[in-house]
Amino acid sequence: MKIIKKLALGLGVAAAAQMTQAADSGFDLATVNPEADRVALQNYFESRFPQSEISDYVNGIYAVDASSREQWEELEEFPPYEFAVEEGETLFNTPFANGKGYADCFENGGVGIRQNYPYWNKEAGTVKTLEMEINECREANGEKPLKWAKGDIAKISAYMAWTSRDKPINIEIPSDDPRAKAAYLDGKKFFYAKRGQLNLSCANCHVQGANIRIRADLPSPQLGHTSHFPVFRSKWGELGTLHRRYKGCHKDSRSKPLSHQVEVYRNLEFFQSYMNNGLVVNGPGARK
Amino acid sequence: MRKLTTSICAAGLLAMVTAAPAVAGAKEDQLALGKAVYLNKSRGNCVSCHAISDPDATQAGNQGPPILSMKMRFPDKRKLRAQIWDATKNNPLTIMPPLGKHWILSEEEIDAVVEYVYQF
């Protein structure tokens, strides 16, 4: 009986693959429609996991997998990122050698702004991420940039996310600059393109394969992916940035991962974050 | 680099298999190789997606259908081999890697894993 059920599930997944493709808007500038993509993705997960609330997708795999959720809820009672947020606050408020600080670089003194990142920067003609602007702030004030993956940059980013908790994610694709939509499209293509020796796309695991076991791992739904970064991962034993996670998953398709903050990873973050519009910031998060 | 190591491994294995003509015909050896391909993370890693009723196949995933009634579902063994060699032929969006086409497995390893799964 169990076997028959599993078989049906397997076939169901194969069918779902076709569905995702059909529900999306196009893959070229003429047809791509970010808002239609966002609605289609929500509808897709709503029909896949009817018992999960859309607002709960910010909790990753725990939104759809009841059995690991309990463990995670216990973990969240004494959040493993608590100290890192405190350290981040201290770092954030420690002045640079020139007497200025991070607060001088950001809108609203850097408090409660996470929900607006990443954003399309028209002057620079590129997507800016929060981590990127943290380092730009340092360099503008004569300080050395921080390493991207973990450590101080993740702590500062975690503190900034903390001050933005529960704010609705608000990614805009300005219509007065066609390059913004092109950046979104680039990120979307990266997400759906098959790559590497294993011929895997991000969507293979995080859309059609979401909440289905690959050995002992359960990939989360892509909806909600970026809301809680930086993340404290038990496997890392520390905080890490979103691009650190991108690199790890990119490598899992047996292809060579790219560097932190390269243009296509920023575009990927732009695309993924746009999908989360309407959900709220809940960083930093904790994951297995 | 990774690709290079994989192909070196594959080449090594090929050498191993071909350099031992005395055992080449031995069915048990082929089945043992097939089982190793099925279970080993750096080879086929089939178990990460397909359950199979081999007691050593623990922590199987369920991305793909369980491997059972193979003889019934694939009366033509060549069709089974083709699915393993390049699953994207049947379904371009499949999550199953093209194990032959992308040189993840050698031809010998594919023959072996076909024989191994054909028992179930």
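Below, chains carry the letters A, B, ... as their sequence lines are ordered, and counting in each starts from 1.
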Around atom CD of B/Gln119, are there more than 12 heavy atoms from other residues, nucleotides or ligands closer than 6.0 Å? yes
Less than 4.5 Å to any heavy atom of chain B: does that hold for the side chain of A/Leu200, its backbone, both, or neither? side chain
Could you list the donor-acceptor pairs under 3.5 angstrom formed by side chains in residues 233-240 of chain A, with sequence neighbours left out?
unit_1	atom_1	unit_2	atom_2	d
A/Ser234	OG	A/Arg287	O	3.4
A/Glu238	OE2	A/Arg244	NH1	3.1
A/Glu238	OE2	A/Arg244	NH2	3.2

With B/Asp76, which residues qualify under salt bridge (Lys or Arg N to Asp or Glu O under 4.0 Å), at least two apart? B/Arg78
Please, which pairs that meet ring-ring contact (aromatic ring centres under 6.0 Å, His included) have at least one residue in residues 34-53 of chain B, sequence neighbours excluded? B/Tyr38-B/Tyr116
Can you find a heavy atom in the side chain of A/Arg254 that is under 4.5 Å from one in the side chain of B/Ile104? yes
Please classify the contact between B/Thr58 and chain A as side chain, backbone, both or neither, with a heavy-atom cut-off of under 4.5 Å. backbone
Interface residues of residues 214-224 of chain A facing chain B - heavy atom cut-off under 4.5 Å: A/Ile214, A/Arg215, A/Ala216, A/Pro219
Does atom NZ of A/Lys150 have more than 12 heavy-atom neighbours, drawn from other residues, nucleotides or ligands, at distances under 6.0 Å? no
Keeping the roles fixed (side chain from A/Asn199, backbone from B/Ile95), state whether a donor-acceptor pair exists under 3.5 Å. no
Can you tell me how far apart OG (B/Ser48) and CZ (A/Arg213) are? Round to the nearest 0.5 Å. 11.0 Å
dist B/Leu99:CG -> A/Leu198:CG (nearest 0.5 Å) comes out at 8.0 Å
